[in-house]
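Computed from heavy atoms alone, side chains included, the values below leave out hydrogens, waters and symmetry copies.
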Amino acid sequence: MKLITVALACLLLAGMWLHDVDGRSMHVSSSNCCFNFSEKRIAPQRIRCYKHTSSTCSRRLLILKMKKGRETCVLQTAQWIKDYFKTMKPCLLM
């Protein structure tokens, strides 16, 4: 009986730990995917950094982190984004 109790406690703790794991390791958070994207040009001085959407997302886009904290998704093939890549830096941690 004690063995079953210990096993259940271990499973419960493991389940809680997996729930707390961030999207970079075991599961993909929906915040790493874009379902809509902006087609209008964004002023480069408003952009803090960028990151690519997850490879498991249905569309490969860029997520732009704005200086005021908002995030916007854009097509990475847009010409204005290609021009901005020369000065933009990737986000280290988001």
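Annotation: the span from Arg48 atom CZ to Leu64 atom CG amounts to 12.5 Å, rounded to 0.5 Å. One distance of note links CZ of Phe35 with SG of Cys73; it measures 9.0 Å at 0.5 Å rounding.
Clustering ILVMFWY residues whenever any of their side-chain heavy atoms sit less than 4.5 angstrom apart, transitively, puts Val74 in the very cluster that holds Met88. Follow the hydrophobic side-chain contacts under 4.5 Å out from Leu62 and you reach Ile47 in the same cluster.
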Indicate every side-chain donor-acceptor pair of residues 80-87 with a distance under 3.5 Å to a residue at least two apart or in another chain.
unit_1, atom_1, unit_2, atom_2, d
Asp83, OD1, Gln79, NE2, 3.1
Tyr84, OH, Arg41, NE, 3.4
Tyr84, OH, Ile42, O, 2.8
Thr87, OG1, Tyr84, O, 3.2

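Using a 4.5 Å heavy-atom threshold, the side chains of Tyr50 and Lys89 count as separate.
Heavy-atom minimum distance, Cys49 versus Pro90: CB-C, 3.9 Å.
Using modelled atom types, one side-chain atom of Lys67 and one backbone atom of Gln45 make a donor-acceptor pair closer than 3.5 Å.
Taking the side chain to side chain contact (heavy atoms under 4.5 Å, CB included) definition, one finds that Arg60 meets it with His52, Thr53, Ser55, Gln76, sequence neighbours left out.
The sulfur atoms (SG) of Cys34 and Cys57 lie 2.5 Å or more from each other.
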